[in-house]
Enquirer: 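Take a look at this one; I'll ask things after.
Along the sequence shown, residues carry numbers from 1.
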Amino acid sequence: MHVPRKDVWKKVHQLKKKGYRIYLLSNYSEDLFRKHTADADFMNDIDGMVVSWQIHKTKPSPDIYLHLLETYGLSPSECIFFDDRPANTEAARKLGIQAVTITSKDVLMAELQKL
């Protein structure tokens, strides 16, 4: 998140306009999270979020994923989770969440385009 990716943010906004609900699940300290999202346009499209500093749990612990699902009444089978760490996407899959490991911005854009 600390590097502006306006084209990714634009795609997230388009998905939001199509009716997708957008949630953020991230490992971050409070200070860095606030600093890195201060000017992030995509934050306006977020329907909810769980950040590790808020609940003192981090990915890939199942607890943080379950907290997000329970807090927002989400069904794992209806969710798609994107992350750049294989351990995090594997943890999501174990909970029944479809997950995609992002290895580059091009991979992310291609996956978002599929939606």
Enquirer: Which heavy-atom pair separates Ala92 from Ala99 by the least distance, and what is that distance?
Expert: CB-CB, 4.0 Å
Enquirer: Do Leu68 and Leu15 sit in one hydrophobic cluster, given that two such residues count as connected whenever their side-chain heavy atoms are within less than 4.5 Å of each other, even indirectly?
Expert: no
Enquirer: Closest approach of Ile102 and Phe82, non-hydrogen atoms and distance?
Expert: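 Scanning both residues completely, I find the closest heavy atoms to be CD1-CD2, 3.8 Å.
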Enquirer: Please determine whether residues Phe42 and Val51 belong to a single hydrophobic cluster, defined as Ile, Leu, Val, Met, Phe, Trp and Tyr linked transitively by side-chain heavy-atom distances below 4.5 Å.
Expert: yes
Enquirer: So how far is it from Gln113 CD to Leu108 CG, rounded to the nearest 0.5 Å?
Expert: 11.5 Å
Enquirer: If we ignore hydrogens and angles and just use 3.5 Å, is the side chain of Thr89 paired with the main-chain N or O of Pro86 as donor and acceptor?
Expert: yes
Enquirer: When you group the ILVMFWY residues by side-chain heavy-atom contacts below 4.5 Å and let the links chain together, are Ile80 and Ile97 in the same group?
Expert: no
Enquirer: Who pairs with Tyr72 by ring pair (Phe, Tyr, Trp, His ring centres under 6.0 Å), at least two apart in sequence or on another chain?
Expert: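 Applying ring pair (Phe, Tyr, Trp, His ring centres under 6.0 Å) to Tyr72 gives Tyr23.
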Enquirer: Taking side chain as C-beta onward, heavy atoms only, is Leu25 less than 4.5 Å from Asn88?
Expert: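 No. Closest side-chain heavy atoms not under 4.5 Å.
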Enquirer: Does CZ belonging to Arg93 count more than 12 external heavy atoms closer than 6.0 Å?
Expert: yes
Enquirer: Given side chains that start at C-beta, do those of Glu30 and Arg34 come closer than 4.5 Å, heavy atoms only?
Expert: yes
Enquirer: Using side-chain heavy atoms (C-beta onward) and a distance below 4.5 Å, is Arg21 in contact with Leu74?
Expert: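 Contact flag for Arg21/Leu74 side chains = yes.
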Enquirer: Could you see if Ile46 belongs to whatever hydrophobic cluster contains Phe81? Use Ile, Leu, Val, Met, Phe, Trp, Tyr and a side-chain cutoff under 4.5 Å.
Expert: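 As far as the 4.5 Å side-chain criterion goes, Phe81 and Ile46 are not connected within one cluster.
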Enquirer: Are Cys79 and Leu69 side-chain neighbours, meaning at least one heavy-atom pair lies under 4.5 Å?
Expert: yes
Enquirer: Keeping Ser52 on the side-chain end and Tyr28 on the backbone end, is there a donor-acceptor pair under 3.5 Å?
Expert: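 Confirmed, Ser52 side chain pairs with Tyr28 backbone.
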Enquirer: Are any non-hydrogen side-chain atoms of Lys6 and Asp41 less than 4.5 angstrom apart?
Expert: yes
Enquirer: Could you list the residues that satisfy side-chain hydrogen bond (donor to acceptor under 3.5 Å, both in side chains) with Lys16, not counting sequence neighbours?
Expert: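 side-chain hydrogen bond (donor to acceptor under 3.5 Å, both in side chains) list for Lys16, sorted by chain: Asp47.
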Enquirer: Quick check: is Leu24 connected to Ile64 through a chain of hydrophobic side chains (ILVMFWY, heavy atoms under 4.5 Å apart)?
Expert: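 Different clusters: Ile64 never reaches Leu24 through Ile, Leu, Val, Met, Phe, Trp or Tyr contacts under 4.5 Å.
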Enquirer: Answer whether the closest heavy-atom distance between the side chains of Lys105 and Asp7 falls below 4.5 Å.
Expert: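 Contact flag for Lys105/Asp7 side chains = yes.
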Enquirer: On a heavy-atom basis, which atom in Thr101 and which in Val107 lie closest, and how many Å separate them?
Expert: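 Distance-wise, the nearest heavy atoms are O-CG1, 4.3 Å.
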Enquirer: Find the distance between NZ (Lys18) and CD (Gln14) and round it off to the nearest 0.5 Å.
Expert: 7.5 Å
Enquirer: For a quick test of reading the model, state the closest non-hydrogen atom pair linking Met49 to Gln54 and the distance between them.
Expert: O-OE1, 3.8 Å
Enquirer: Using a 4.5 Å cut-off on heavy atoms from C-beta on, say whether the side chain of Lys59 contacts that of Asp83.
Expert: yes
Enquirer: Taking C-beta and beyond as the side chain, do Tyr65 and Lys94 meet within less than 4.5 Å on heavy atoms?
Expert: no
Enquirer: Working to the nearest 0.5 angstrom, can you tell me the gap between Lys11 NZ and Asp45 CG?
Expert: 13.0 Å
